[in-house]
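Note that the coordinates shown come from a computational prediction; the quantities given were computed from them, not determined experimentally. Atoms within a ligand are numbered from 1 in the order they appear, just like the ligands themselves. Worth knowing before you read on, the calculation uses all heavy atoms, side chains too, and leaves out hydrogens, waters and symmetry mates.
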Amino acid sequence: MNDQIRPQPGIMEIDLYVGGQSQVPGHSEPIKLSSNENPAGPSDKAKEAFSRAVHRLNRYPSTGHATLRHAIGDVHGLDPDRILCGAGSDEIISFLCQAYAGPGDEVVFTEHGFLMYRVYTHAAGATPVCVAERDRVTDVDAILAACSARTRLVFVANPNNPTGTMIPLAEIERLAAGLPPQALLVIDGAYAEFVEGYDGGAELATRLPNVFMMRTFSKIYGLGGLRVGWGYGARSVIDVLNRVRGPFNLSSAQQETAEAAVRDQDWIARCRSENARLRGWLTEALAERGVPADTSFANFILARFTSEDEANACDAFLRQDGLIVRRVGGYGLAECLRITIGDEPACRRVAHMIGQFKAGAAQ
Ligand SMILES: *Cc1c(COP(=O)(O)O)cnc(C)c1O
């Protein structure tokens with residue numbers, strides 16, 4: 001072993017990410033409700049575009065993603081020159097941290113915030129600052145109080161994962177207005193499309209130079225396996241991020257599939273309304289069985305148990321039945337289980353089995 005060969009500071013602080021499990025021994029086709037995937041999958045138009053892409057795999061992809069950026073711009077009414085695409089929004093988070101934060105700088109996020117904010121903060125050698133939430137809701141005053149002359153980035157997912165809660169755009173605007181001048185506010189809109197009439201922060205990012213919005217094709221678009229996300233903000237920020245982005249970060253298949261997906265908004269509207277219907281049903285069904293959840297604005301609910309032991313016992317009970325939900329101890333919510341809204345049979349099954357678990361536990 002050569003202990004002179006050492007990684008940069010921060011790298012060994014990174015805990016390896018553990019994704020939602022997809023297998024249960026003894027179940028050939030478990031029901032996976034652990035990664036907030038769209039149970040209906042992507043639009044047929046996206047699948048057709050992916051199949052067509054196979055014929056041109058000898059060609060290098062577009063480096064500037066102009067066609068995809070224009071499609072996103074058309075659909076959302078945004079200037080394509082202010083859009084940047086990445087291999088999932090994960091890659092955009094990494095560009096932001098790499099470009100704006102380094103040793104001595106601070107990156108702020110909330111207590112139950114997305115784990116990748118911490119990972120990329122450490123990867124950049126910067127210092128994570130974790131801010132308390134108020135009853136599992138983003139607390140703007142607490143974030144403002146945590147900011148300093150060292151704050152470079154502030155990440156807020158709205159709706160948040162794994163809580164499913166969200167705060168009004170007026171609160172986001174108040175946060176942007178109160179930040180120190182060197183800090184960029186990043187609104188992570190991974191679940192924005194699940195909220196009827198919500199623009200994910202696009203209007204704020206259009207108007208305010210210190211606000212940046214991130215979106216993804218992994219959730220409502222049903223394309224988590226494709227790895228495409230995008231960011232939107234001030235031209236100066238896009239210019240910075242383009243310098244750290246590799247020219248071939250997205251394959252032609254990724255670009256063409258995402259373009260077809262974003263143009264099929266009928267599919268997205270159908271998925272949004274089906275999700276809202278089943279989410280309402282499941283929230284109520286669990287409440288009737290003694291398991292409360294906050295009002296969720298996303299495609300999952302955070303089921304609250306009476307203790308960490310009860311949550312883990314319920315998780316094990318569901319798993320025996322081939323149902324995989326997500327433990328969220330890593331997010332500081334060990335007494336909870338995050339349950340993705342699956343299709344109707346999956347929602348009925350998970351509600352039934354949680355009822356069985358509670359009935360058994362009560363005896
Ligand atoms: C799923 C998720 C993302 C998206 O990640 P991708 O890299 O685009 O798949 C981003 N932020 C949050 C809060 C998420 O839950």
- Query: Are the side chains of Ile92 and Thr216 in touch, meaning some heavy atoms are under 4.5 Å apart?
  - Reply: no
- Purely on distance, is any nitrogen or oxygen of Thr216 under 3.5 Å from one on ligand 1? yes
- Message: I'd like to check which ligand 1 atoms, numbered from 1 as shown, lie under 4.0 Å from a non-hydrogen atom of Ser218.
- Response: 6 (P), 8 (O), 9 (O)
- Message: Using a 3.5 Å distance criterion without hydrogens, assess whether the side chain of Arg118 forms a donor-acceptor pair with backbone atoms of Asp15.
- Response: no
- Does any pair with a residue in residues 306-317 pass side-chain hydrogen bond (donor to acceptor under 3.5 Å, both in side chains), and if so which ones, sequence neighbours excluded? Thr306-Glu310, Glu310-Lys358, Asn312-Arg327, Asp315-Arg319, Asp315-Arg327
- Task: Using non-hydrogen atoms of the residue, decide whether Ala190 is closer than 4.0 angstrom to ligand 1.
- Result: yes
- Message: Does Gln8 have more than 12 heavy atoms from other residues, nucleotides or ligands lying within 6.0 Å of its CD?
- Response: no
- Query: Please state which protein non-hydrogen atom is closest to atom 11 (N) of ligand 1 and give its distance, to 0.1 Å?
  - Reply: Asp188 OD2, 2.6 Å
- Do Glu171 and Arg174 sit within salt-bridge range, that is, some charged N less than 4.0 Å from a carboxylate O? yes
- Item | Any Phe217 heavy atom less than 4.0 Å to ligand 1 | no
- Does Arg227 have a heavy atom less than 4.0 Å from any atom of ligand 1? yes
- Asn36 touching ligand 1 at heavy-atom level, < 4.0 angstrom: no
- Task: Under 4.0 Å from a heavy atom of Gly88: give me the atoms of ligand 1 that qualify, with their elements.
- Result: 6 (P), 7 (O), 8 (O)
- Message: Salt bridge or not between Arg263 and Asp74? Use side-chain N to carboxylate O under 4.0 Å.
- Response: yes
- Query: Which ligand 1 atoms does Tyr191 reach within 4.0 Å, using its non-hydrogen atoms?
  - Reply: 1 (C), 14 (C), 15 (O)
- Nearest-neighbour protein heavy atom for atom 4 (C) of ligand 1, which is reported as residue plus atom name and distance: Ser89 OG, 3.1 Å
- For Asn161, atoms of ligand 1 separated by under 4.0 Å from a heavy atom: 13 (C), 14 (C), 15 (O)
- Note on the structure: Nearest non-hydrogen protein atom to atom 3 (C) of ligand 1, with distance, is Lys219 NZ, 3.4 Å
- Task: Classify the angle between the aromatic ring planes of Tyr117 and Phe114 as parallel (below 30°), tilted (30 to 60°) or perpendicular (above 60°).
- Result: perpendicular
- Query: Taking the side chain as C-beta and beyond, is there a heavy-atom pair between Ser296 and Thr283 under 4.5 Å?
  - Reply: no
